[in-house]
Visitor: 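Below is one structure. I have some questions about it.
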Amino acid sequence: MASTNFIDYVKIVCRSGKGGRGSMHLHRAKYQPNGGPDGGDGGRGGNVYLVANRNYWTLLHLRYERHIFAGHGGAGGKNCAHGSDGEDRYIQVPCGTVAYDAETGKYLCDVKRDGDTVMLLKGGRGGLGNWQFRSPTNQTPRYAQPGEPMQEKTIVLELKMLADVGLVGFPNAGKSTLVAAVSAARPKVADYPFTTLEPSVGVVAYRDNRSFVMADIPGIIEGAAEGRGLGLRFLRHIERNAALLFLVPADSDNIAERYRVLLDELQKYNPAMLEKKRILAISKSDLIDSELEDLLSAELPTDVPTVFISAVSGQGINRLKDLLWECLTADDSPLGQERADEMAHTDREVSRFSNDFADWDDEEQPTDDEQQEESDEEELEEYDLEMLEDE
């Protein structure tokens, strides 16, 4: 995936800002030697948000910005001056991005619609100044609160495309050819396996100005759950789909067996995907005659609708669109965002994250951390000097 701009899987380090310390200042003036406490509160630390943006289609921009740090809150000052709030950080991601905790594998959040905003990390609250602790019995409090500490978390972001129909099949099954024939998408088409190395999406036009979205993913092979071929990492893009379209070439030795192998691989990845509506399409039907088609029909599975198609000649394409539209408009399979809201997310295994990001180079923390530590030490020294002056 290094040679492509389509990045759908990243790991980033997020950190919120710490709260600013409260001021422990005692007012002093020429004609008011005992003015009392006037130390202001510290500002809050910045929050880290995850925002869905329809103008993004990949996580490439986060592939080279792995550290997202919010600003720290400013310290309170004299005359009850409130410290400045830390700068919030907004992580812009494509619609359909899911966040997981990289250390525990726990599901965090999912942003689906444009503008959806979720707080990933909350900044620390600012400390109270000594002005807040004044009372009739404690008129000169010489103490203040420190700010709350920051939060830090390593997060894995997965992009799961928002499509209605997902294509599932072996390499060279004709998936990309079908998408190019029924939509304006132009995925790469060639006569060798694993031509498709990244998912593609096409909008399929239907009758009466209606349409639905079809997602094409790289082909999977037997043993993909163990890492063979391109593995099962791209199956995340069809987890949201309302219907799955299985493509098996007509020149396969045993169509039913090939269909069973695909089902087994889906079950190993996520058993819930077998609950989706399924359609079996026999591609490359222009290579066989009607007599052979009748013989193959007797051997096809009976628990799934089947159709013989040819993306080159157009055979069965209209029939396929009708079957897909019936699946998408069924009462238990609504179109649009309502279906996406009903998607159940499960936690991930931490070992899976370790394997997926084994080739990522560990980068050192930015030099901003060292500068921030130095500034923290300076603030602490100023805080001590302020205490001495007040005493």
Visitor: Measuring from Ser285:OG to Ile309:CD1, what's the distance to the nearest 0.5 Å?
Guide: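 CD1 of Ile309 is found 7.0 Å from OG of Ser285.
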
Visitor: Determine whether more than 12 heavy atoms belonging to other residues, nucleotides or ligands lie under 6.0 Å from atom CD of Glu87.
Guide: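 Counting neighbours around CD of Glu87, 12 or fewer heavy atoms of other residues, nucleotides or ligands fall under 6.0 Å, so no.
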
Visitor: Do Leu108 and Val98 make a side-chain contact, defined as non-hydrogen atoms from C-beta onward lying under 4.5 Å apart?
Guide: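 A side-chain contact under 4.5 Å is absent here.
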
Visitor: Does Gly115 offer a backbone N or O that forms a donor-acceptor pair with the side chain of Thr117 under 3.5 Å?
Guide: yes

Visitor: Side-chain heavy atoms under 4.5 Å apart, restricted to Ile/Leu/Val/Met/Phe/Trp/Tyr: what other residues fall into the cluster of Tyr49, or is it alone?
Guide: Val51, Tyr90, Met119

Visitor: Please say whether more than 12 non-hydrogen atoms of neighbouring residues, nucleotides or ligands are located less than 6.0 Å from NZ in Lys321.
Guide: yes

Visitor: Indicate whether the side chain of His25 and that of Asp38 have a donor and an acceptor atom separated by less than 3.5 Å.
Guide: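 Yes, a side-chain donor-acceptor pair sits under 3.5 Å.
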
Visitor: Between Glu148 and Lys18, does the side chain to side chain contact (heavy atoms under 4.5 Å, CB included) criterion hold? Intermediate values first, please.
Guide: CA-CA 6 Å; Glu148 288 186 347; Lys18 63 181 181 181; over 6 Å; no

Visitor: Whether Arg89 and Glu65 form a salt bridge (side-chain N of Lys/Arg under 4.0 Å from carboxylate O of Asp/Glu) is what I want to check.
Guide: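 Looking at Arg89 together with Glu65, the answer is yes, because their closest N to O distance falls below 4.0 Å.
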
Visitor: Under a 4.5 Å side-chain heavy-atom rule over Ile, Leu, Val, Met, Phe, Trp and Tyr, are Trp131 and Tyr143 clustered together?
Guide: no

Visitor: Strictly below 4.0 Å, N to O, side chains only: are Arg207 and Asp322 in salt-bridge contact?
Guide: yes

Visitor: Just so I know, are the side chains of Ile91 and Leu120 near enough to count as touching, which here means a heavy-atom distance under 4.5 Å?
Guide: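 Yes. Closest side-chain heavy atoms under 4.5 Å.
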
Visitor: Rounded to the nearest 0.5 Å, what's the gap from NZ on Lys175 to OG on Ser283? Could you check?
Guide: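 Separation between the atoms: 9.0 Å.
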
Visitor: In terms of hydrophobic clusters joined by side-chain contacts under 4.5 Å, are Val312 and Val248 together?
Guide: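 No; tracing contacts between hydrophobic side chains, which count when under 4.5 Å, never links both residues.
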
Visitor: Does any donor atom in the side chain of Tyr259 or Asn254 lie under 3.5 Å from an acceptor atom in the other side chain?
Guide: no

Visitor: State, with a plain yes or no, whether a side-chain heavy atom of His27 is found less than 4.5 Å away from one of Gln32.
Guide: yes

Visitor: Would you mind checking if Arg260 and Asp264 are paired as a salt bridge, meaning a charged N to carboxylate O distance below 4.0 Å?
Guide: yes

Visitor: Between Asp216 and Ser176, do the side chains contain a donor N or O and an acceptor N or O under 3.5 Å apart?
Guide: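 Their side chains do contain a donor-acceptor pair, which is all the 3.5 Å distance test asks for.
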
Visitor: So Phe170 and Leu262, do their side chains get closer than 4.5 Å, heavy atoms only?
Guide: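 Counting from C-beta outward, Leu262 and Phe170 do come under 4.5 Å.
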
Visitor: Is Ile317 reachable from Tyr206 through a run of I, L, V, M, F, W or Y residues, each pair having side-chain heavy atoms under 4.5 Å apart?
Guide: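 Linked, Tyr206 and Ile317 end up in one cluster.
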
Visitor: Are any of the side-chain heavy atoms of Leu296 and Ile288 separated by less than 4.5 Å?
Guide: yes

Visitor: Would you say Val10 and Leu60 make side-chain contact, with heavy atoms under 4.5 Å?
Guide: no

Visitor: Is the backbone N or O of Arg113 less than 3.5 Å from a side-chain atom of Asp116, with the two atoms forming a donor-acceptor pair by type?
Guide: yes

Visitor: Does atom CG of Asp253 have more than 12 heavy-atom neighbours, drawn from other residues, nucleotides or ligands, at distances under 6.0 Å?
Guide: no

Visitor: Got a donor-acceptor contact below 3.5 angstrom from the Asp85 side chain to the Arg44 backbone?
Guide: yes

Visitor: Would a hydrophobic clustering, with Ile, Leu, Val, Met, Phe, Trp and Tyr connected at side-chain separations under 4.5 Å, put Leu287 with Phe308?
Guide: no

Visitor: Side chains of Asp8 and Thr58: does their closest heavy-atom pair fall under 4.5 Å?
Guide: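 No, too far: nothing below the 4.5 Å cut-off.
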
Visitor: Identify which one of Leu121, Asp88, Val118 satisfies the side chain to side chain contact (heavy atoms under 4.5 Å, CB included) criterion when paired with Val48.
Guide: Leu121

Visitor: Please write out which residues are connected to Met150 in a hydrophobic cluster, directly or through intermediates, given that two of Ile, Leu, Val, Met, Phe, Trp, Tyr count as joined at side-chain heavy-atom separations below 4.5 angstrom.
Guide: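 None; Met150 is a cluster of one.
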
Visitor: Can you confirm whether the side chains of Asp41 and Gln132 place a donor and an acceptor under 3.5 Å from each other?
Guide: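 Yes, side-chain donor-acceptor contact under 3.5 Å.
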
